[in-house]
Every structure is written in structure tokens, then in C-alpha cells.
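Notes follow once the structure below has been shown.
Keep in mind that this is a model prediction, so the values were computed, not measured.
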Amino acid sequence: MSDANTVVVLDFETTGLSPDYGDRAIEIGAVKINQGVVVDRFQGLMNPGKPITGFIENYTGIYNHMLKDAPPCAEVMQQFSEFIGDYNLVAHNASFDKRFLDAELAAISQPYSGEFACSMLMARRIYQDAPNHKLSSLIHYRGIESQGEFHRALYDAEMTAKFWLVMLADIEQQFALPAVPFSLIQTLMKTPKQKIARVIDNQRPCYG
DNA sequence: TGCCAGGCCCTCTTTAGGGCCTT
């Protein structure tokens with residue numbers, strides 16, 4: 001069921017960068033957040049039907065022997081489709097994860113209706129002084145505790161979720177907002193950096 | 001087998017090019 005107060009933060013590990021060139025998902029990790037609290041988690045390795053490269057093994061810590069007996073992408077993605085339902089979605093560099101979500105769900109003819117928000121596009125606007133906008137760098141920049149073991153799907157989804165909540169809290173504090181609705185996030189993602197403050201001011205509810 | 005992308009955003013821009021970010 002759709003719920004404006006719930007988002008699913010997700011992260012894919014994949015065989016490469018482009019589903020249009022045959023790359024497939026090998027792991028999906030996600031956390032469901034309701035009103036700032038993690039209420040559910042999803043993690044699944046999946047067999048992409050072909051060996052992964054040594055680069056991907058080293059990058060993710062996921063090895064071919066781990067995928068050999070994993071269920072196929074269709075089975076895991078069917079379960080994940082039920083997990084995300086119609087909830088809105090968040091990912092770091094969401095254009096990447098959206099391409100794989102679209103491709104894997106299209107392969108099993110499963111639509112979804114949630115809207116994507118991108119923590120990277122938001123961070124580029126809110127944290128303009130950060131050294132860069134990689135997920136690991138932003139976690140360090142905002143002083144969020146981590147084990148430094150990035151590049152597994154559920155871990156990255158957990159860290160993205162923590163960062164997302166910190167960023168929303170920072171926006172609320174910086175701009176004196178009682179809350180940051182998803183609709184405002186979508187507007188801000190398309191707003192030039194220089195106009196962020198003005199747009200938020202215009203969205204602030206009137207009191208009295 | 002081995003090959004590979006795409007959207008955002010800045011600037012030495014807009015009739016373009018290149019860095020960032022994701023695996």
C-alpha cells in the first residue's frame with residue numbers, strides 16, 4: 001500500500017554499469033523507513049545467469065561461488081517487488097539503481113508506482129562544502145558511524161538510510177521546517193543550487 | 001569472448017566537453 005510517511009531505501013550490486021548492455025543485478029538490499037524509523041529490511045543475492053568478473057568480485061566481496069547456488073534474479077525480484085509495493089524509493093545516485101530496478105522488474109512484468117528520490121542529488125545541494133558526494137565520503141562528512149565495509153547491498157542501503165535521515169534533519173533545522181515532505185524533496189532535486197533557499201522559503205507553511 | 005552507460009552539472013557553455021557518481 002502507498003504511504004506518504006514510508007520510503008524504501010535500496011541499493012543494487014550488479015555485474016556492471018548498464019542493463020542495456022546485458023548487465024544484471026546480483027544483490028539487492030533495502031530498508032523500509034516509516035516516520036524516521038527503520039521498520040523492515042530486505043536482502044537477497046541472486047544468480048545473474050553468468051559469471052561475474054574479478055573486478056566485481058573484488059569491488060563487492062561477492063564471489064561466483066556465492067552466486068552459483070543463489071536463486072535466479074526473477075525469484076528474488078518478485079519478492080522484492082512485493083517488499084517495495086507502491087512506496088516511494090530512495091537511492092544514492094538513484095538513476096543507476098532505477099535503471100536496474102526498471103530492467104529487472106520489466107523482465108518479470110512487474111510494474112511499480114513509487115517515485116524515486118536521489119540522496120546524491122540532494123547532497124550536492126545541501127552539502128555544497130563536502131569534499132565530494134560519494135556515499136562513503138558523505139557518511140564521514142556528517143559524522144555518521146560506519147564500519148567502512150561499503151559495497152554490499154544491505155550495508156550500503158542501511159548507510160544511505162542513515163544519511164538520508166540526517167540530511168532531512170539538517171534541512172529541517174537549517175530552514176526551520178517542521179518536516180520535509182517527499183514532494184518537496186522531488187522539487188528540490190530539480191532546483192538549481194542557488195535557488196534552494198528561496199524554494200524552501202516558499203514552501204514553508206504559514207503560521208497564524 | 002569481450003565489449004560497454006547515462007544523467008547531472010559546471011564552465012574556458014548553450015552549434016560542447018568533461019568530471020562526478022553508481023557497479
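- Straight-line distance from the CZ atom of A:Phe96 to the C1' atom of B:dA5: 10 Å, rounded to whole Å.
- Closest to the side chain of A:Ser95, from the set B:dT22, B:dC10, B:dG7, is B:dG7.
- Looking only at atom types and distance, the side chain of A:Ser119 has a donor-acceptor partner in the side chain of A:His92 under 3.5 Å away.
- Atom CD of A:Glu115 is separated from atom CG of A:Leu89 by 9.0 Å, given to the nearest 0.5 angstrom.
- Remark: P of B:dG2 and CZ of A:Phe55 are 17 Å apart, rounded to the nearest angstrom.
- No contact: A:Arg24 has no heavy atom under 4.0 Å from any strand.
- A:Tyr141 and A:Asp129 form no side-chain donor-acceptor contact under 3.5 Å, judged by distance and modelled atom types alone.
- Phosphate contact (OP1/OP2 of B:dT23, side-chain N/O of A:His151, threshold under 4.0 Å): present.
- The nearest whole Å value for the distance from the OH atom in A:Tyr21 to the C1' atom in B:dC4 is 6 Å.
- Closest to the side chain of A:Arg124, out of B:dC8, B:dT22, B:dC10, is B:dC8.
- Atom CG in A:Asn132 sits roughly 13 Å away from atom C1' in B:dT22 (whole-Å rounding).
- Whole-Å rounding puts the A:Arg99 CZ to B:dC4 P distance at 16 Å.
- Classification of the A:Phe12-A:Phe80 ring pair by plane angle, with boundaries at 30° and 60°, yields perpendicular.
- For the pair A:Ile28 CD1 and B:dT23 C1', the interatomic distance rounds to 13 Å; values are reported in whole Å.
- If A:Ser136 and A:Leu121 are placed on DNA chain B by their nearest nucleotide, the residue sitting closer to the 5' end is A:Leu121.
- Regarding A:Leu138, its CG atom lies at a distance of 12 Å from the C1' atom of B:dC20, rounded to whole Å.
- Between A:Thr191 and the choices A:Val199, A:Leu121, A:Leu184, A:Ile200, the side-chain contact (heavy atoms from CB on, under 4.5 Å) rule is met once, by A:Val199.
- Using modelled atom types and a 3.5 Å distance limit, the side chains of A:Gln110 and A:Glu82 yield no donor-acceptor pair.
- Checking the phosphate oxygens (OP1, OP2) of B:dC20, no side-chain nitrogen or oxygen of A:His133 falls inside 4.0 Å.
- Judged by distance alone, the side chains of A:Thr14 and A:Asp23 never bring a donor and an acceptor atom under 3.5 Å apart.
- Across all strands shown, A:Thr60 has heavy atoms under 4.0 Å from sugar-phosphate atoms exclusively, and none from any base.
- For the pair A:Asp97 and A:Asp20, both in contact range of DNA chain B, the more 5′-proximal nearest nucleotide belongs to A:Asp20.
- Backbone-only contact: A:Asp156 has heavy atoms under 4.0 Å from sugar-phosphate atoms and none from a base.
- Distance A:Asp102 CG to B:dG7 P: 12 Å, rounded to the nearest Å.
- Note on A:Ile26: nothing from the nucleic acid sits closer than 4.0 angstrom, heavy atoms only.
- OP1 or OP2 of B:dC9 sits under 4.0 Å from a side-chain N or O of A:Arg125.
- Between A:Lys190 and B:dC8 there is no side-chain N or O to OP1 or OP2 distance below 4.0 Å.
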Just the table, please: protein N/O against nucleotides 11-13 of chain B N/O, every pair under 3.5 Å.
none

